[in-house]
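Letters go in sequence order (proteins before strands), and every chain restarts at 1.
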Amino acid sequence: METRAGNNFLHAIIKEDLEMGRVSEVVTRFPPEPNGYLHVGHAKSICLNFGLAETFGGRCNLRFDDTNPEKESQEFIDSIQEDVRWLGYEWAEEVRFASRYFQQFYEWAEYLVVQGKAYVCDLNAEQAREHRGTLTEPGRNSPYRERSPEENLDLLRRMKAGEFPDGSRVLRAKIDMASPNMNLRDPILYRIRTAVHHQTGSEWVIYPTYDFAHGQEDAIEGVTHSICTLEFEDHRPLYDWFIEHLPVPSRPRQYEFGRLNLNYTVTSKRKLKQLVDEGVVSGWDDPRMPTIAGMRRRGFTPASVRKFCEMIGVTRSDGVVDVAMLEHAIRDDLNTNAPRAMCVLKPLRLVLTNLPEGHREDLAAAAHPSRPELGERSLPFTRELLIDTEDFREEANKKYKRLVLGKRVRLRSAYVVEAESVEKDEAGNILAVHARVIPDTLGEDPADGVKPKGVIHWVSATEGRQATVRLYDRLFSDPAPDRGDRDFMDCLNPDSLRVVEGAWIEPGLAAAEPEQGFQFEREGYFVADRYDHSPEAPVFNLTIGLRDTWEG
RNA sequence: UGGGGUGUCGCCAAGUGGCAAGGCACCGGGUUUUGAUCCCGGCAUUCGUAGGUUCGAAUCCUACCACCCCAGCCA
């Protein structure tokens, strides 16, 4: 049985390759460079690669494309593995590293030299640029292009031996300096970099470029479908050139799809890194970051991220997905799965005058309105309660469905109350509202037939607990912070984080496990912070607010 | 002015010669002890534009237009 969802052009290609016997098993790979945290765009690639392998019973490797030691680190290797696992995927066997194949790559480099298909070039970066030509003019051959295989082999070995300084020479493929495809104008295979590599230490001073490594990595691992983003399309002829001219063990094929763009969001490692480095956010996992770690801390669930990736599809056209789709994916998941609870963000005292001092009654409330199997929680109902300041007005028009002086409102999962008077200070600020409980309204309408106009949430002022609530909003106030004609830092939303220290939660909430998500009724979905939450000092992050169609 | 791509509703996206799926968003209406959810209904005589082929075209042909990517010893 085929899943209709997840169907895309790559799915179709693989299906046919399998049916035609072009491949016997599908092998994909997710190949991040460990130079940053994974973001929502990577999630799309992960879901695609692992998802395809999964639906066709094949396998997917996690491979670190670690060919540039200067930008990479162990921190990123660790976080990437954690994020892939969190999303719910398992890679085949052990984690792969391009650096494990360095010796093989080197031998293949010598092979090309011997074949007369690669040469050592002494041009410096600037000279090389001049020789490369432009988009409309062909390049010129390097003066070192015709060195003999013997001389090239000698030079290459000495490059490897560390005899030459960084940047002094490179190994280039001998292809075509007049090619309209810039990637074919004698591309660089190896550059000299005296750097300590996080995996190989000081073993190497020459490192292969992406182009000379990627296809060969795929071939070594038996990858059948090497899926990357559109900007690598121009590299495909080069990818194929290496596969064709090298004695590789298999012949992988490259396919490209359109990378994810989200409005109100930046997804470029450079910009995300800048946000972290300049302290605009608290780190790569700040809940406002579009990183996997950030979304996790924000309260997104793995299922919601996967659902989102399924919703947006996979094509070769590049578009900009509305962040509202991501928000829908998480609301949809949490609506059906998150237990309900009550939290008052801006407390206002509500004194129930017809209840005796010290009154306490434990009310049972459903954890979920339509899923009784999720059980119940107990809510202490006392003489003094806290309601939200926004939920009371001395007077209001008929559109206002909350508590109004002299009128009634239903306290969620509890009784109907009627506001009788207001307590104010000299300045006229409301200090408290006095109301009376209408008897016998637990699960019933008032016997006198005067129904409440609405329902508001509440917390016991004496039994509730104080909590820190972090209200997050989108990091950028402009739909296209990425637009090239200005600085994305100028598009930051100054109100992307509001910390509410004096929020009050129903007592049971203090015992929430870190990363546990809830719907705070009438407010939104919140998650107990992964790191900062504790029963003694509860901390909740706003994942996403409830849809709000009230224009009040 | 070189090469490689892409253009279907505000956004994403099916569709591959037989008469425009779906999702998001939006707008109505109903249910509701969450102004949530849920339910019902509306939302492209038209597929970048202009020609052409055909009984018939988003799908085939031609030309044009727009946008994206490529001149790192980054990936």
Subject >> For the student: nearest non-hydrogen atoms of A:Arg547 and A:Arg331, plus distance >> reply: N-NE, 3.8 Å
Original post:
Looking across every strand, which nucleic acid part, if any, lies under 4.0 Å from A:Met311 by heavy atom: base, sugar-phosphate, or nothing?
Top reply: sugar-phosphate
Original post:
Given B:U34, B:U37, B:G35, which nucleotide is nearest the side-chain atoms of A:Asn335?
Top reply: B:U37
Original post:
Does A:Arg193 put a side-chain nitrogen or oxygen below 4.0 Å from OP1 or OP2 of B:C74?
Top reply: yes
**OP:** Mind checking A:Ile312 for me? I need base, sugar-phosphate or nothing, with any heavy atom below 4.0 Å counting as a touch.
**Re:** sugar-phosphate
Subject >> salt bridge (charged side-chain N to carboxylate O under 4.0 Å, His left out) partner of A:Glu418, the single match among A:Arg410, A:Lys453, A:Arg408 >> reply: A:Arg408
**OP:** Assign A:Tyr207 to base, sugar-phosphate, or nothing according to its heavy-atom contacts below 4.0 angstrom with the strands shown.
**Re:** nothing
Original post:
What does A:Ala324 touch in the nucleic acid at a heavy-atom separation under 4.0 angstrom: a base, only the sugar-phosphate, or nothing?
Top reply: sugar-phosphate
Subject >> Atom P, compared across B:C47 and B:G5: separation rounded to whole Å >> reply: 25 Å
Original post:
So what does A:Gln519 touch, heavy atoms closer than 4.0 Å: a base, only the sugar-phosphate, or nothing?
Top reply: base
Original post:
CD of A:Glu33 versus C1' of B:G72: gap in Å, rounded?
Top reply: 13 Å
**OP:** Could you let me know what B:A50 is paired to, Watson-Crick or G-U wobble, both distances under 3.5 Å, or none if it's on its own?
**Re:** B:U62
**OP:** Verify the contact: side-chain N or O of A:Ser317 to OP1 or OP2 of B:A13, cut-off strictly under 4.0 Å; return yes or no.
**Re:** yes
Original post:
Is there a donor N/O on one and an acceptor N/O on the other, under 3.5 Å, for the side chain of A:Arg129 and the base of B:G72?
Top reply: no
Original post:
With a 4.0 Å cut-off on heavy atoms, is A:Asp211 in touch with a base, just the backbone sugar-phosphate, or nothing at all?
Top reply: nothing
Original post:
Mind checking the C1' distance from B:U32 to B:A13? Whole angstroms is fine.
Top reply: 33 Å
Original post:
Nearest of B:U34, B:A75, B:C11 to any side-chain atom of A:Asp65?
Top reply: B:A75
Original post:
Across the strands shown, which category fits A:Gly167 at heavy-atom distances under 4.0 angstrom: base, sugar-phosphate, nothing?
Top reply: base
**OP:** Give A:Lys269 one of three labels, base, sugar-phosphate or nothing, depending on what nucleic acid heavy atoms sit under 4.0 Å from its own.
**Re:** nothing
**OP:** Sticking with atom P, work out how far B:G52 lies from B:C27, rounded to a whole angstrom.
**Re:** 43 Å
Original post:
Within the structure shown, what part of the strands sits under 4.0 Å from A:His235 by heavy-atom distance: base, sugar-phosphate, or nothing?
Top reply: base
**OP:** Describe the nucleic acid contact of A:Gly443 in one word from base, sugar-phosphate, nothing, applying a heavy-atom distance below 4.0 Å.
**Re:** base
Subject >> Identity of whatever pairs with B:G35 - Watson-Crick or G-U, under 3.5 angstrom >> reply: none
Subject >> Euclidean distance for C1', B:A44 against B:C74 (whole angstrom) >> reply: 43 Å
Original post:
Across all strands, who's sitting opposite B:C9 as a Watson-Crick or G-U wobble pair, both distances under 3.5 Å?
Top reply: none
**OP:** Would you kindly check whether a donor in the side chain of A:Glu523 faces an acceptor in the base of B:U34, or vice versa, at under 3.5 angstrom?
**Re:** no
**OP:** Check every atom of B:C11, B:G35, B:G5 against the side chain of A:Glu233 and return the nucleotide holding the closest atom.
**Re:** B:G5
**OP:** Pick base, sugar-phosphate or nothing for A:Val321, based on heavy-atom distances below 4.0 Å to the nucleic acid.
**Re:** sugar-phosphate
Original post:
What integer number of Å spans the P atoms of B:U49 and B:A57?
Top reply: 15 Å
Original post:
Do A:Phe97 and A:Phe64 have ring centres separated by under 6.0 Å?
Top reply: yes
Original post:
Can a donor-acceptor pair under 3.5 Å be found between the side-chain atoms of A:His131 and the base atoms of B:A71?
Top reply: no
Subject >> First encountered from the 5' end of RNA chain B, between A:Lys71 and A:Arg410 >> reply: A:Arg410
**OP:** Among the candidates B:A75, B:G35, B:C70, find the nucleotide nearest to the side-chain atoms of A:Arg191.
**Re:** B:A75
Original post:
Of the nucleotides B:C74, B:C38, B:A71, which has the atom closest to the A:Asp332 side chain?
Top reply: B:C38
Subject >> Any donor-acceptor N/O pair under 3.5 Å between B:U34 base and A:Arg340 side chain >> reply: yes
**OP:** Would you please classify the geometry between the A:Tyr190 ring and the A:Tyr106 ring as parallel, tilted or perpendicular, with 30° and 60° separating the classes?
**Re:** perpendicular
Original post:
Salt bridge between A:Arg486 and A:Asp478, side-chain N to carboxylate O under 4.0 Å?
Top reply: yes
**OP:** Go through B:U34, B:G2, B:A75 for me and flag the one nearest to the A:Glu231 side chain.
**Re:** B:A75
Original post:
Counting only heavy atoms not in A:Glu19, do more than 12 fall under 6.0 Å of its CD?
Top reply: yes
Subject >> Minimum-distance nucleotide to A:Tyr210 side chain [options: B:G35, B:C73, B:A75] >> reply: B:A75
Subject >> Distance below 4.0 Å between A:Thr336 side-chain N/O and B:U37 OP1 or OP2 >> reply: no
**OP:** Give A:Leu262 one of three labels, base, sugar-phosphate or nothing, depending on what nucleic acid heavy atoms sit under 4.0 Å from its own.
**Re:** nothing
Subject >> C1' gap between B:C43 and B:G23, integer Å >> reply: 14 Å
Original post:
If only side-chain N and O atoms of A:Thr549 are considered, is one of them under 4.0 Å from the OP1 or OP2 phosphate oxygen of B:A36?
Top reply: yes
Original post:
When you check the phosphate oxygens OP1 and OP2 of B:A36, does a side-chain N or O of A:Arg522 lie under 4.0 Å from one of them?
Top reply: no
Original post:
Across the strands shown, which category fits A:Val320 at heavy-atom distances under 4.0 angstrom: base, sugar-phosphate, nothing?
Top reply: sugar-phosphate
Original post:
Within less than 4.0 Å of OP1 or OP2 of B:C73, is there a side-chain N or O belonging to A:Arg132?
Top reply: yes
**OP:** Take atom P in B:A21 and the same atom in B:C9, then report the distance between them in whole Å.
**Re:** 14 Å
Original post:
Which part of the nucleic acid does A:Pro31 contact within heavy-atom distance under 4.0 Å: base, sugar-phosphate only, or nothing?
Top reply: nothing
**OP:** Measure the acute angle between the ring planes of A:Phe232 and A:Tyr210, then classify it against the limits of 30° and 60° as parallel, tilted or perpendicular.
**Re:** tilted
Original post:
Within the pair A:His457 and B:U34, is there a side-chain N or O less than 4.0 Å away from OP1 or OP2?
Top reply: no
Original post:
Does any donor-acceptor pair link the side chain of A:Asp234 with the base of B:G3 at a separation under 3.5 Å?
Top reply: yes
Original post:
Which value, in whole Å, describes the distance between the C1' atoms of nucleotides B:U8 and B:G3?
Top reply: 27 Å
**OP:** Give me the one residue out of A:Arg145, A:Arg172, A:Arg147 that meets salt bridge (charged side-chain N to carboxylate O under 4.0 Å, His left out) with A:Asp122.
**Re:** A:Arg147
**OP:** Return no unless some side-chain N or O of A:Arg185 is found under 4.0 Å from OP1 or OP2 of B:A71.
**Re:** no
Subject >> Ionic contact status for A:Lys307 with A:Asp332, cut-off 4.0 Å >> reply: yes
Subject >> Distance test, side-chain N/O of A:Thr315 to OP1/OP2 of B:A13, below 4.0 Å >> reply: yes
Original post:
Out of B:C73, B:C26, B:C11, which nucleotide sits closest to the side chain of A:Ile188?
Top reply: B:C73
Subject >> Candidate nucleotides B:C12, B:A75, B:U34, ranked by approach to the side chain of A:Glu521 - the nearest >> reply: B:U34
Original post:
Does A:Arg193 count as lying over the ring of A:Tyr207, i.e. NZ or CZ under 6.0 Å from the six-ring centre, within 45 degrees of the axis?
Top reply: no
Original post:
Considering heavy-atom distances to RNA chain B, does A:Leu123 or A:Thr136 have its closest nucleotide positioned more toward the 5' end?
Top reply: A:Thr136
